[in-house]
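Quick one: the structure is below, questions incoming.
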Amino acid sequence: MPENQDFLTYKGRPLVRCGDTLYYGNMSDSFVVMLKILSSKKVGDLDVADRVSIQLMHTDDDMRAKDRIVKSSEKDGLYNAMDLGAVWLERALAE
């Protein structure tokens with residue numbers, strides 16, 4: 001991947017999608033948010049996220065995967081999940 005790769009951003013932080021999973025935040029920071037689309041519904045011709053799992057995670061590779069998860073929740077809709085994830089990430093990075 002080129003070094004000058006531009007990512008989609010949300011509230012000034014990178015947002016990267018891989019299938020039904022989105023990662024929000026910089027991997028070089030101590031925390032990121034992982035959003036997993038659990039279900040979607042049809043709205044016209046589009047598939048829209050219905051239930052989304054949110055996890056605030058440490059980015060430390062030396063930690064066990066289970067220990068990396070700091071907070072988790074589920075929300076209806078991608079916007080609600082992104083909004084909560086952005087608040088969690090801001091607070092975690094401010095500490």
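Residue numbers run from 1 in the order of the sequence given.
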So, taking the atom named CD in Q55 and the one named CD1 in I69, what distance separates them when rounded to the nearest 0.5 Å?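 The distance works out to 4.0 Å.
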**Prompt:** For A49 and I37, which heavy atoms make the closest approach, and how far apart are they?
**Reply:**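 Reported closest heavy-atom pair: CB-CG2, 4.0 Å.
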_Beyond-backbone contact of V52 with K36, side-chain heavy atoms, under 4.5 angstrom_ =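 Answer no - side chains too far apart.
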Looking at R51 and S53, would you say the former's side chain and the latter's main chain have a donor-acceptor pair under 3.5 Å?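 No.
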Can you tell me if K41 has over 12 outside heavy atoms packed within less than 6.0 Å of its NZ?
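Open: at most 12 neighbouring heavy atoms sit under 6.0 Å from NZ of K41.
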Any donor-acceptor pair under 3.5 Å from D67 side chain to M63 backbone =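 Such a contact is absent between D67 side chain and M63 backbone.
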For a 4.5 angstrom cut-off between non-hydrogen side-chain atoms, does S72 reach L56?
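Result no, sub-4.5 Å side-chain heavy-atom pair not found.
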Just by modelled atom types, is the D62 backbone N or O under 3.5 Å from a matching donor or acceptor in the D60 side chain?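 Yes, the answer is positive, given that a donor and an acceptor are paired below the 3.5 Å cut-off.
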Quick one: closest heavy-atom pair of Y79 and Y10, and the distance?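 Heavy atoms only, the tightest pair is CE1-OH, 4.0 Å.
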Quiz item: Side chains of Y24 and M34: closer than 4.5 Å at any heavy-atom pair?
Solution: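 Of all side-chain heavy-atom pairs linking M34 with Y24, none is under 4.5 Å.
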* To do: Measure the shortest side-chain to side-chain distance between Y23 and P14 over non-hydrogen atoms and say whether it is less than 4.5 angstrom.
  =>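 SC-SC contact between Y23 and P14 ruled out.
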**Request:** Is it possible for you to say whether L84 and L93 belong to one hydrophobic cluster, with membership spreading through side-chain heavy-atom contacts below 4.5 Å?
**Result:**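 In one cluster with L84: L93, yes.
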With the side chain counted from C-beta on, respond yes when L89 and R13 share a heavy-atom pair under 4.5 Å apart, and no when they do not.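 Yes; the side chains approach each other to less than 4.5 Å.
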* D50 and L38: side chain to side chain contact (heavy atoms under 4.5 Å, CB included), yes or no, with the steps? -> CA-CA 7 Å; D50 188 32; L38 302 174; over 6 Å; no
Q: Indicate the atoms forming the closest heavy-atom contact of M27 with V32, along with that distance.
A: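 So the two residues come closest at SD-CG1, 3.6 Å.
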Exercise for the section: Might you work through the side chain to side chain contact (heavy atoms under 4.5 Å, CB included) test for V70 and M57, ending with a clear yes or no? Expected result: CA-CA 6 Å; V70 178; M57 303 172 60; over 6 Å; no
Could you tell me whether the side chain of E74 reaches within less than 4.5 Å of the side chain of I54, counting heavy atoms only?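 Not touching, per the 4.5 Å side-chain cut-off.
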Practice item. May I have the step-by-step check of side chain to side chain contact (heavy atoms under 4.5 Å, CB included) for F31 and T59, ending in yes or no? Key: CA-CA 5 Å; F31 295 94; T59 56; 5.7 Å; no
Problem set entry | Step-by-step side chain to side chain contact (heavy atoms under 4.5 Å, CB included) determination, L15 to T9 | CA-CA 5 Å; L15 181 64; T9 60; over 6 Å; no
D83 side chain reached by K11 side chain, heavy atoms, under 4.5 Å: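 Of all side-chain heavy-atom pairs linking D83 with K11, at least one is under 4.5 Å.
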* CG-OG distance between L78 and S40, expressed to the nearest 0.5 angstrom ->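 These two atoms lie 11.0 Å from each other.
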- request: To the nearest 0.5 angstrom, please state how far the CG atom of D45 sits from the NZ atom of K42.
  value: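 Result: 6.5 Å between the selected atoms.
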